[in-house]
Amino acid sequence: MRVYVVGAGAAGRYLGELLRATGNDVVYAPRDLAAVEPFAADLAIVAVKAYDTDGAIETLRRALGEGSAAVIVTPQNGIGNEEKIAAVFGADAVVACALTVPVETDRDGKPLAANGGGIAFAALRAGSVPVD
């Protein structure tokens with residue numbers, strides 16, 4: 001599976017490296033929007049702070065392009081992230097995610113799960129998200 005991660009902080013790298021460890025092709029988006037290149041992803045993970053969601057959407061637009069079939073998972077804190085992404089990519093493409101694993105990085109930048117926890121997913125359904 002081809003995975004595109006927007007947000008290479010502790011949570012984004014934790015999820016990305018878990019997927020890489022199971023044989024998936026994982027690419028992290030650059031911070032500079034001008035450096036974003038097209039990427040044919042099967043899965044995109046948006047792991048940025050809620051106030052960076054609009055920037056993440058622009059990154060995804062450039063990377064995934066029109067008509068992408070990628071599923072977009074949003075393990076973000078805050079309210080309204082899924083709705084913003086669904087307004088651009090469609091509710092059927094978005095999967096809400098709650099990550100309850102406390103993640104930190106070591107001094108070398110390697111993500112580490114600090115304690116136990118879990119992950120939960122909930123697909124959005126067409127028509128469940130108002131789009132203006």
Side-chain angles (χ1 to χ4, degrees):
M1 179 169 55
R2 294 175 50 87
V3 182
Y4 192 73
V5 181
V6 181
R13 291 195 60 82
Y14 175 72
L15 294 171
E17 294 310 306
L18 283 175
L19 289 165
R20 187 188 311 275
T22 59
N24 296 286
D25 177 18
V26 178
V27 170
Y28 294 94
R31 285 184 175 258
D32 180 4
L33 189 58
V36 173
E37 296 182 5
F39 185 78
D42 301 303
L43 172 68
I45 298 172
V46 178
V48 299
K49 302 291 187 204
Y51 53 78
D52 285 331
T53 299
D54 292 335
I57 289 169
E58 290 308 312
T59 296
L60 288 174
R61 279 184 172 159
R62 287 189 182 206
L64 303 180
E66 294 293 322
S68 172
V71 171
I72 303 169
V73 175
T74 66
Q76 298 175 268
N77 291 330
I79 297 171
N81 301 307
E82 295 91 354
E83 291 84 357
K84 283 184 174 183
I85 296 168
V88 175
F89 297 98
D92 288 340
V94 181
V95 176
C97 175
L99 180 64
T100 61
V101 177
V103 182
E104 57 189 34
T105 54
D106 67 13
R107 63 180 166 189
D108 297 321
K110 179 182 175 190
L112 303 169
N115 288 309
I119 190 167
F121 299 93
L124 298 184
R125 297 285 182 240
S128 68
V129 177
V131 179
D132 295 326

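Only this structure's heavy atoms are used, side chains among them; waters, hydrogens and symmetry mates stay out.
Here the CG-OG1 distance, from D54 to T59, works out to 11.0 Å after rounding to the nearest 0.5 Å. The OH atom of Y4 sits 14.5 Å away from atom CG of D42, with the distance rounded to the nearest 0.5 Å. Between the CD atom in Q76 and the CG atom in N81 there is a gap of 4.0 Å [rounded to 0.5 Å]. Rounding to the nearest 0.5 angstrom, the gap separating the SG atom in C97 from the CD1 atom in I72 is 13.5 Å.
Applying the side chain to side chain contact (heavy atoms under 4.5 Å, CB included) test between T74 and each of I85, T53, I45 identifies I85 as the sole match.
Residues R2 and F39 approach most closely at NH2-CE1, 3.0 Å, considering heavy atoms. Taking all atoms of both residues into account, the shortest heavy-atom contact from G12 to V5 is O-CG1, 3.8 Å. The shortest non-hydrogen separation linking L99 to P75 is CB-CB, 4.4 Å. Taking all atoms of both residues into account, the shortest heavy-atom contact from A41 to A70 is O-CB, 3.3 Å. Residues A47 and A11 share a closest heavy-atom pair of CB-C, 4.4 Å. Taking all atoms of both residues into account, the shortest heavy-atom contact from A44 to L60 is CB-CD2, 3.9 Å.
For A56, the side-chain contact (heavy atoms from CB on, under 4.5 Å) partners are V6, V46, V48, not counting sequence neighbours. In this structure, the side-chain contact (heavy atoms from CB on, under 4.5 Å) partners of D106, at least two apart in sequence or on a different chain, are D108, K110, L112.
Listed for the T22 side chain is a donor-acceptor partner under 3.5 Å among the backbone atoms of L19.
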Could you pull out all donor-acceptor pairs under 3.5 Å where a side-chain atom in residues 27-35 meets a protein atom, sequence neighbours excluded?
unit_1: Y28; atom_1: OH; unit_2: E17; atom_2: N; d: 3.4
unit_1: Y28; atom_1: OH; unit_2: E17; atom_2: OE2; d: 2.7
unit_1: D32; atom_1: OD1; unit_2: A34; atom_2: N; d: 3.1

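The side-chain heavy atoms of M1 and D25, taken from C-beta on, include no pair separated by under 4.5 Å.
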